[in-house]
Structures are given as C-alpha cells and as structure tokens.
Amino acid sequence: MNTEDQNFLSRAIQLARENVLQGGGPFGAVIVKGGKVVAESANQVISIPDPTAHAEVQTIRLAAGNLKTFDLSGTTLYTSCEPCPMCLGAVYWSRISRVVYASDRHDAELAGFRDAELYLEIALDPEKRGTPFDQIDVPEKGMEFIDWKNSEIKLDY
C-alpha cells in the first residue's frame, strides 16, 4: 500500500468515526479517480432512515452524479470496512476498478453487524436461505426483458 492509499483509507475511517460521534453507523467511504476525491460519504442508515444507505452505496451514488455516469471504471473505492454483500454488488454494478478497505466482515461482526452472516446466506441456493424466496411463473414472465432488448434506449450496464 502506498502513501496515497493510506491517506484516502484514513479519510474513510475518519468519516466513519465522525459519523459515530453524530449518531450514525461506523462506516465511511471515499471514491477517488486520478488521485482526486470524486465523492465521499458516511453511513446514513440511521439518519435518513434507509437500510440501503450504506457508506459505499451513498458514495457510489454521489460519484455517479458528480461524474455524470453509471460507469465508475478507473476509480478506487476506499472504505473503512470490507463491503457487505449489498455494497459488493453495487461495486460490481458500478464497475469500480479497485477496492481498498481496512476492517473486514469479522471485525464488523464483533461490533454486532451481520456482514459475515450475510456472506454465508447469499452463497446458499434460494430454497436454503433463511428468508423464503419463491419464484412464481406468470404468463408475462420475462416480457420486460424482451421490451428492453427491443428498446431504442438499451444500454449495456
């Protein structure tokens, strides 16, 4: 890890710690492109309230808006903790090129967060998950994908 990585990662941790002092969750994130901060945020799950308002997701939303694109290729996400499965999905959907983190899912678990448990749950087949997932066939199933394939606005994302 170079000095630049350490500085940006320290900023993510600082955001997390400041957020705790303000009554929020202990997570912070920074997105950098070309050595410059594009966006940063802390966890806002409690303050909004919104269970999807994780620091990484909020920062990805801000970065996409600031860069005016859903494709964040060429950026690095610095985050105070290993992204949870939801945030990991957001990283892949946004095409972030690199992720640097400090604490991991096991550290989060020791603080009472479910990250490690969710990683295990997501790996299960849908019928084995703790929350029931029921796929139901209806006549119009899949029509939305045909509409998308035939749409003039179709983009690869």
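Source: prediction; values computed, not measured. Start at 1 with the first residue, then count along the sequence.
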Side chain to side chain contact (heavy atoms under 4.5 Å, CB included) between Leu77 and Tyr101, worked out:
CA-CA 8 Å; Leu77 170 66; Tyr101 62 92; over 6 Å; no
[X] side, atom [atom1]; [Y] side, atom [atom2] - distance, nearest 0.5 Å:
X      : Y      : atom1 : atom2 : result
Ile146 : Ser151 : CD1   : OG    : 13.5 Å
Leu124 : Phe133 : CG    : CZ    : 10.5 Å
Ser94  : Ile31  : OG    : CD1   : 6.5 Å
His106 : Cys81  : NE2   : SG    : 10.0 Å
His54  : Asn43  : NE2   : CG    : 6.0 Å
Leu72  : Asn66  : CG    : CG    : 10.0 Å

Does CD in Glu144 sit with more than 12 non-hydrogen atoms of other residues, nucleotides or ligands closer than 6.0 Å?
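For Glu144, atom CD is crowded (more than 12 foreign heavy atoms under 6.0 Å).
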Would one find more than 12 heavy atoms of other residues, nucleotides or ligands at under 6.0 Å from atom CH2 of Trp93?
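No.
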How close do [X] and [Y] get, heavy atom to heavy atom, and via which atoms?
X      : Y      : value
Tyr119 : Glu82  : OH-OE2, 4.0 Å
Ile122 : Pro85  : CD1-CB, 3.2 Å
Val30  : Phe8   : CG2-O, 4.2 Å
Ser80  : Ala102 : O-CB, 3.5 Å
Leu155 : Phe70  : CD1-CE2, 3.9 Å
Ser41  : Ala55  : O-CB, 3.9 Å

Please work out whether the ring planes of Phe27 and Phe113 are parallel, tilted or perpendicular, with thresholds of 30° and 60°.
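It falls in the perpendicular class, over 60°.
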Pairs involving residues 14-25, ordered by first then second residue, that meet side-chain hydrogen bond (donor to acceptor under 3.5 Å, both in side chains) (sequence neighbours left out)
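Qualifying pairs, neighbours excluded: Arg11-Gln14, Gln14-Glu18.
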Trace of the side chain to side chain contact (heavy atoms under 4.5 Å, CB included) decision for Thr52 with Arg61
CA-CA 11 Å; Thr52 69; Arg61 289 173 177 155; 3.7 Å; yes
Arg129/Glu121 salt bridge by N-O under 4.0 Å criterion
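No salt bridge links Glu121 with Arg129.
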I'd like to know if the side chain of Asp71 pairs up with that of Ser73 as donor and acceptor (distance under 3.5 Å, no hydrogens or angles considered).
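Yes - a donor-acceptor pair under 3.5 Å links their side chains.
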Test side chain to side chain donor-acceptor pair (under 3.5 Å) applied to Thr79 - qualifying residues, sequence neighbours left out:
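Partners of Thr79 by the side chain to side chain donor-acceptor pair (under 3.5 Å) criterion, ordered by chain and then number, come out as Glu56.
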Is the shortest side-chain heavy-atom distance between Leu118 and Cys84 below 4.5 Å?
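No - every pair of side-chain heavy atoms lies 4.5 Å or more apart.
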